[in-house]
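Working notes, structure below.
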Amino acid sequence: MGTIFWPKDPLDGNDMTLLTSILRRWCERYQVELTAEESSRKAKELVEWFEFGVKDPVELEELIDGKHWLVSRI
């Protein structure tokens, strides 16, 4: 299997603020320390979704919360 490269814009301060706030809320909701390994996995997942093109904060929260299968808007 080959590696796929696509152009990614670097994350700027606003992006990091958004992603950090989403991750902090997730940690608070599930009582996970921000420095825990589970939090690191969620952070990686969050960045991957963001780089994939998901920019809506509500959608990002639902994706890392495992609620992506819920259809709220058609």
Side-chain angles (χ1 to χ4, degrees):
M1 181 183 299
T3 303
I4 298 173
F5 294 98
W6 70 87
K8 298 181 203 176
D9 292 330
L11 298 176
D12 64 21
N14 292 331
D15 298 336
M16 291 305 298
T17 299
L18 171 68
L19 296 173
T20 301
S21 68
I22 292 170
L23 182 63
R24 285 184 188 277
R25 282 194 298 275
W26 182 88
C27 287
E28 288 173 13
R29 188 176 315 120
Y30 292 100
Q31 299 177 353
V32 174
E33 291 291 327
L34 191 60
T35 57
E37 188 171 324
E38 188 177 357
S39 176
S40 294
R41 284 193 303 269
K42 284 297 174 178
K44 183 177 187 285
E45 183 181 340
L46 188 57
V47 170
E48 287 172 351
W49 280 117
F50 191 84
E51 288 180 336
F52 185 70
V54 180
K55 306 294 185 194
D56 179 53
V58 173
E59 190 173 1
L60 286 166
E61 285 195 44
E62 290 175 352
L63 286 165
I64 67 165
D65 228 9
K67 297 178 183 173
H68 57 277
W69 55 271
L70 297 176
V71 178
S72 59
R73 298 180 203 142
I74 296 180

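Every value quoted in this text rests on a predicted model; they were computed, and no experiment measured them. Counting begins at 1 with the first residue of the sequence.
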- Task: For the pair S39 (side chain) and T35 (backbone), establish whether a donor and an acceptor sit closer than 3.5 Å, ignoring hydrogens and angles.
- Result: no
- Task: State the NZ-OH distance between K42 and Y30, to the nearest 0.5 angstrom.
- Result: 8.0 Å
- Closest non-hydrogen contact found for L11 with V47 is CD1-CG1, 4.3 Å
- Kindly give the heavy-atom pair with the smallest separation between D65 and R29, and that separation in Å. OD2-NH1, 3.3 Å
- At what distance, to the nearest 0.5 angstrom, does CH2 of W26 lie from CD1 of I64? 7.0 Å
- Between CD1 of I22 and SG of C27, what distance do you get to the nearest 0.5 Å? 12.0 Å
- Message: For a quick test of reading the model, state the closest non-hydrogen atom pair linking D15 to P10 and the distance between them.
- Response: OD2-O, 4.0 Å
- Task: Would you check, one step at a time, whether the test salt bridge (charged side-chain N to carboxylate O under 4.0 Å, His left out) holds for E45 with R41?
- Result: CA-CA 6 Å; E45 183 181 340; R41 284 193 303 269; over 6 Å; no
- Task: Not counting sequence neighbours, which residues clear side chain to side chain contact (heavy atoms under 4.5 Å, CB included) with N14? List them please.
- Result: D12
- Message: Please find the pair of heavy atoms, one from A43 and one from L23, that lie closest to each other, and give the distance.
- Response: CB-CD2, 3.7 Å
- Query: Applying salt bridge (Lys or Arg N to Asp or Glu O under 4.0 Å), which residue pairs with at least one partner in residues 18-28 are found, sequence neighbours left out?
  - Reply: R25-E61
- Message: What I'd like to find out is whether the side chain of L18 reaches to under 4.5 Å of the side chain of F50, using heavy atoms alone.
- Response: yes
